[in-house]
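Please read the structure below before turning to the comments.
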Amino acid sequence: AQSVTQLGSHVSVSEGALVLLRCNYSSSVPPYLFWYVQYPNQGLQLLLKYTTGATLVKGINGFEAEFKKSETSFHLTKPSAHMSDAAEYFCAVSPNTGNQFYFGTGTSLTVIP
Amino acid sequence: DAMVIQNPRYQVTQFGKPVTLSCSQTLNHNVMYWYQQKSSQAPKLLFHYYDKDFNNEADTPDNFQSRRPNTSFCFLDIRSPGLGDAAMYLCATSRERWDPYEQYFGPGTRLTVT
């Protein structure tokens, strides 16, 4: 069975500082991996995804994530936080045999001016 | 350009009074999903349609039903809403079921039960 763990339900960073949101998955076979962002009272918007190929994936709004098979991780980073990055971030996995999505519990990012 | 549209954005209903939430899509995707998201929690899949094929999650209460009259529209019916059903309801679509296509989400309908 798939599971997704997001370490840290709340993360605060200063404006301009590095953003690091952690995601680990459990699966015997590497799944497909996604990061979504959710602004207040909005749906989820895809930031980036990893399916195959290059393990460093670049997404929208300056975010990127690196798939590390040995660590079963897919952490999300951004070099310099902006106030507009304040939102809820969800990591999700999908087994490569179907399109069931398993979401992590989310990380709320606060950006301090 | 709106791709997944949910109406209404905010819905208030009374305890036990049936309510219907609407979702439409302009993407012509085969798969449509309904999620329930409670405050500070991850979205929880209720069911999905692959074309006209309905797939219910094992732990979705019988109180929740869905209809998909055509490719573009999908409805979530809550037959007798309880206070515990107050949540954000998210509709999503994806092109196919057996490929790693991402899901496209609508803005959600926030349901309040009084």
Side-chain angles (χ1 to χ4, degrees), chain A residues 1-11 21 23 25 27 29-53 57 59-60 65 67 74 87-110, chain B residues 2-11 21 23-25 27 29-51 53 55-59 87-112:
Chain A
Q2 304 278 346
S3 72
V4 184
T5 303
Q6 290 185 241
L7 287 176
S9 58
H10 293 89
V11 170
L21 305 182
C23 175
Y25 66 90
S27 172
V29 176
Y32 302 124
L33 298 154
F34 305 81
W35 275 100
Y36 283 86
V37 61
Q38 185 178 32
Y39 298 101
N41 292 313
Q42 297 289 326
L44 277 67
Q45 180 183 6
L46 181 71
L47 279 175
L48 47 79
K49 68 176 179 181
Y50 170 79
T51 56
T52 60
V57 180
I60 63 171
F67 168 60
F74 190 57
E88 189 84 16
Y89 291 81
F90 291 95
C91 181
V93 303
S94 178
N96 54 13
T97 56
N99 71 350
Q100 170 70 281
F101 264 50
Y102 299 89
F103 284 94
T105 51
T107 297
S108 177
L109 177 67
T110 299
Chain B
M3 295 185 291
V4 183
I5 304 159
Q6 291 189 244
N7 286 306
R9 292 293 312 278
Y10 300 90
Q11 176 73 57
L21 309 182
C23 177
S24 63
Q25 54 136 337
L27 299 164
H29 283 175
N30 284 318
V31 194
M32 295 187 77
Y33 310 79
W34 279 105
Y35 288 88
Q36 179 192 63
Q37 186 181 25
K38 295 190 175 180
S39 182
S40 302
Q41 296 184 20
K44 177 181 179 297
L45 183 64
L46 295 173
F47 24 61
H48 76 274
Y49 272 95
Y50 178 71
D51 195 14
D53 181 28
N55 297 270
N56 200 28
E57 292 301 300
D59 57 354
M88 175 78 91
Y89 289 88
L90 298 169
C91 175
T93 73
S94 68
R95 198 181 319 175
E96 281 295 339
R97 193 161 59 172
W98 303 111
D99 286 294
Y101 291 107
E102 65 268 26
Q103 297 187 9
Y104 292 80
F105 284 83
T109 295
R110 183 165 295 283
L111 178 68
T112 301

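Computation of the quantities below employed the complete heavy-atom set of this structure, encompassing side-chain atoms and omitting hydrogens, waters and symmetry-equivalent molecules. For clarity, every value in this text was computed on a predicted model and none was experimentally measured. Convention: sequence-line order gives letters A, B, ...; per-chain numbering from 1.
Taken from OH in A/Y36 to CZ in B/F105, the straight-line distance is 5.5 Å, to the nearest 0.5 Å.
A/Y39 does not touch chain B: none of its heavy atoms, backbone or side chain, sits under 4.5 Å away. At a 4.5 Å heavy-atom cutoff, the contact between B/Q37 and chain A is made by side-chain atoms alone. Heavy atoms closer than 4.5 Å to chain B are found in both the backbone and the side chain of A/Q42. Heavy atoms closer than 4.5 Å to chain B are found in the side chain of A/Q38, but not in its backbone. Both the backbone and the side chain of A/L44 come within less than 4.5 Å of a heavy atom of chain B.
Looking at every heavy atom in both residues, A/F90 comes nearest to B/A42 through CE2-CA, 3.6 Å.
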